[in-house]
Amino acid sequence: MGKRRFWNPRRAGGVTMGGVVALALLTAPSPASGTATPGSAAPGTTAPGSAAPGTAVPGSAAPGAGSAAAYLDPRRPVEQRVADLLSRMTVEEKVGQMTQAERAAVADDPTRIAAWRLGSVLSGGGSTPAENTPEAWLRMVNEFQAQALSTRLKIPMMYGIDAVHGHGNLRGATVFPHNTGLGATRDPRLVEEIGHATAREVRATGIHWNFAPCLCVSRDERWGRSYESFGEDPALVSRMAVAVRGLQGRTAPAGLDRPDRVLATAKHFAGDGGTRYDTAVAEANRGKPWWEQRYTIDQGVTVTSRADFYRLHVAPYVPAIKEHRVGTVMPSFSSVDWTEDGVGNPVKMHASRELITGLLKERLGFRGFVISDWEGIHQIPDPAAPGEAGLTPYKVRTGVNAGIDMFMEPNTAPRFQELLLAEIAAGRVPMARIDDAVQRILTAKFQLGLFERPYTAPDRLGEVGSARHRALAREAVAKSQVLLKNAGRTLPLKPASSLYVAGRNADDIGNQAGGWTITWQGASGDILPGTTILAGIREVAKGATITHSPDASAPIDPGATGVVVVGETPYAEGYGDVGGPECGWCTAPQQEEKSLTLQPADQAVVDKVCAAVTRCVVVVVSGRPQIVADPAGRIDALVAAWLPGSEGAGVADVLFGRRPFTGRLPFTWPASPAQVPINVGDRDYRPAYPYGWGLRTR
C-alpha cells in the first residue's frame, strides 16, 4: 500500500490447518481443467466451509437464486453479472464487500471472513503466515477463500498485499530495486517487465491484488518515502506508470483472470510527495523518546495551487487511468491546502469529494474502485469529536460520500460495518453511493475470474524467486547505477585488482533491500536470500585479491583500490523522515537519526580508506541522495547505488565493466542539506549533481 503498515509481531497469528484440509486447498484444480466446479475442492475432498454432499457448494447458485442465476454464468457480459448479483444482495452483504480486514484479525478464526462477509483481506508489511514460504501463503489464501465461498451468495474475496519492489513480504521472492532506482534506469520497458515478474510471483501464491505502484512525485528528499518515488519530475513518473501495465497486462481489464496477472493500485492519490516539511515538529522532536516524536513531512499537508497540484502530482495518474486502465486507486494520508482560498484550511485526501469523485472518477474517468489507505478515514477530523483517533459516524459517512469504495479497516472491520449501516439507515449515506461502490468492487472480482477460479493451484509456485526473475532484477540493478564522478577513468575496475572493500553496506543484504522487505520497516542483516554487493564482487572479480573490513580496522595496502560501500539503513514511511522518529523496535542500526549526509561512522570509513589507497571508489546504498564529504578530493569515483534489492551482484557488474554505467539521476543531488528542497527548474539551482546527471563508461 503506500501506507502506514505497523506490524506488531505480538499480535501475529499463523494459520494452521489439518493435513487433509491443507492438501485440498493447496491442490484444488482449476475449473478450466473440467475436473471441478467453481469454488470446489479437489475430487474426493471437502474444502473448509463447503457443504456436505447433496447441498450447495462454493460457486453454486445461492439458495433461492435458481439454477439460471445470471451472475454465475461466465458466458454473460460482466455488466449483466454484476447487475444480477447486486440485485440479490442485502445491505449487510453490500457493506461487507466494502470492508477489508487484516490477516491477523482473522487468522486465528477464519470463520470471521464469512461472519463479517468480507470483500477482501490483506497482509500489512510483515504480516505473514507462521511459515513464511510460498506453499504456506497459498494454503492460507485458499483457506480464507473457502470461508468467503461459504456465504449465502458465494462471493469470493480478494487478497491484497504491498509487493512494492517484488513480493517482498515473502522470504525467497525476488526483491527488485525500489522505485528510485528504477527511475534512474529511464527504461519503461524494464519497469513493465519487473511489474510482470512481480505479478507472476504474487499470483502464484494465491494473491490477486498488489498495492502498487506508487506514482508519487517526491519533491523533498527529507520525506521517508522518497525511495518509493520514480523521481522528482512528473514526466518521468508518468512514463514509469507503465508499471501498471506490467502488473495487469496490456489488454486489461481483459486478461486479468490470467494466472500471471494481478490487480494494480495507483497510489497515493494525490500530492503525497509534495507535503511541506514541518520545521517546528522537527525542533519539538529533539530530545524526546522516539515514541513521542512525530513525522516531520510524511502524511503532512501539500500547500499548493490547483494548477501546480495537477501539473506536478496528478499528472502521472492520467496515463495510469487512461492508457493502462489501472484497477484501483488509493488516496493519500496527506492533506491538500489550496492557496487560492488562503492557507490554513487543509482537507484530508480521504475526505475530499472534490478530488476523489469530482477529479478522479468524473473528470479523469476512473472506472475501477477506490481503496482507502490503512485506517485512512480514522485521520479525518471530526468536528464533534476532535480528539477521537478512532472511527466515528462522521468519519465513516465522510469517507464513503467522498467516493471511497472499499475501506482498509485492519482491526476494526465490525465497528466500521456497524457505523456504516447506521449511517445508511439514517439516510446520511445514499444507497446509490453504496451500490456504486459495490458495483465497482464486484466488477473487479469478475474481471479477475474469481467466480470461476476462486482457488489457486500450486503449479506455478516455481515462479517465486526463479532464476529468470533474479536475472531480470540483476539487470535492473546494473541499469540503475548512477556514476556521479569518475576521475581518471577509475571505473571500470580490472577484475584482477587488489581490492580493499570496506563500509557497513558492502555485505548487508537487509540494508541494500531497504524498507518493505520481509517486514514493514525492513531490517539490517541477513534477512533474505540473495547476493550482497561484496558477494557480487567476489563472483565477478574472481581473480581479485580482496580484503573485507566493514569498519576499515584491517590493515590497508596502499596499492589496493578501495571500494567503500556506505549509506542508509532500512526505514519506511514517517520513520524515514529526516528529523522524525527513529524506529525503536527495529534493529540497532536502524535506530540512527535519519539524515541527508552520511552517518559519522560511515564518513569516517570513507575518510580513512580514501586517504590510504591510490584509488578510491565510494558506493552509496540509500533511498535518497546522501551528501559525502570530500574536501581533500580523495574520492576518485562516486556511485549512487540506491536500494538494489536481493541481487547486489548487479552493482559489481558495472564496477568491473560487465555492463556499462547508464543510469541517470531521478532526483537532484544537493550540495548541502540546506538546499533541500531542490528540484530541477528551481530559480536558484546549484546542486552538486543536477537532475538527469550520469556519466557513462561506454
Side-chain angles (χ1 to χ4, degrees), residues 1 5 7 9 12-17 22 25-26 102-104 107 121-145 158-178 194-213 246-247 259-265 455-473 476 509-510 512-523 525-531 570 572 643-647:
M1 309 142 259
R5 287 285 176 286
W7 174 240
V15 174
T16 58
M17 294 180 283
L25 290 170
L26 186 59
E102 218 281 335
R103 182 205 67 87
V121 178
L122 83 147
S123 276
S127 179
T128 72
E131 182 185 1
N132 192 2
T133 64
E135 293 79 7
W137 277 93
L138 181 57
R139 286 194 299 267
M140 177 187 72
V141 177
N142 277 344
E143 182 185 41
F144 289 171
Q145 188 67 280
M158 288 187 293
Y159 201 97
I161 197 168
D162 288 282
V164 297
H165 63 143
H167 199 351
N169 261 12
L170 169 59
R171 182 175 173 82
T174 310
V175 178
F176 294 93
H178 269 295
I194 288 171
H196 193 188
T198 299
R200 288 177 182 274
E201 298 199 15
V202 168
R203 194 74 181 250
T205 57
I207 297 170
H208 325 103
W209 184 8
N210 186 6
F211 304 125
L247 293 165
D260 61 341
R261 298 298 182 184
V262 294
L263 199 65
T265 305
Y455 296 128
T456 302
D459 56 340
R460 300 178 70 89
L461 289 176
E463 296 277 8
V464 178
S466 68
R468 177 176 60 172
H469 293 166
R470 291 188 180 275
L472 177 64
I509 199 165
Q512 76 184 37
W516 293 105
T517 308
I518 306 301
T519 66
W520 174 38
Q521 293 289 319
D526 188 16
I527 66 169
L528 71 155
T531 306
L643 296 171
S646 61
E647 308 309 308

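In this chain, residues are counted from 1 in sequence order. This is a predicted model, so every value here is computed, not measured.
Annotation: side-chain contact (heavy atoms from CB on, under 4.5 Å) contacts of L247 (sequence neighbours excluded): T198, A199, N210, P213, V262, A264. Partners of D459 according to the side chain to side chain donor-acceptor pair (under 3.5 Å) rule, which considers only residues two or more places apart in sequence or in another chain, do not exist here. Considering only residues two or more places apart in sequence or on other chains, R171 meets the salt bridge (Lys or Arg N to Asp or Glu O under 4.0 Å) condition with none of them. Take E463 and apply the salt bridge (Lys or Arg N to Asp or Glu O under 4.0 Å) test, not counting sequence neighbours, and it matches R200, R460, R468. T531 is linked by a side-chain contact (heavy atoms from CB on, under 4.5 Å) to A535, E647, A649, counting only residues two or more places apart in sequence or in another chain. A search for side chain to side chain donor-acceptor pair (under 3.5 Å) contacts involving H208 returns nothing, not counting sequence neighbours. Judged as a ring-ring contact (aromatic ring centres under 6.0 Å, His included), and not counting sequence neighbours, the contacts of H178 are H165, Y227. For A523, the side-chain contact (heavy atoms from CB on, under 4.5 Å) criterion is met by I527, T587, Q590, not counting sequence neighbours.
Between N169 and G125, the shortest heavy-atom contact is OD1-CA, 3.8 Å.
Each of R103, Q145, E135 was evaluated against M140; a single residue qualifies, R103, per the side chain to side chain contact (heavy atoms under 4.5 Å, CB included) test.
Distance check, rounded to the nearest 0.5 Å: CZ of R203 to CG of D260 gives 8.5 Å. With values rounded to the nearest 0.5 angstrom, I518 atom CD1 is found 8.5 Å from T128 atom OG1.
Here the side chains of N132 and W137 are in contact, with some heavy-atom distance below 4.5 Å. Contact of the S127 side chain with the E102 side chain is registered, since non-hydrogen atoms from C-beta on lie closer than 4.5 Å. No side-chain heavy atom of P644 sits under 4.5 Å from any side-chain heavy atom of F176. T517 has its side chain within reach of L528: a pair of non-hydrogen atoms, C-beta onward, lies under 4.5 Å apart.
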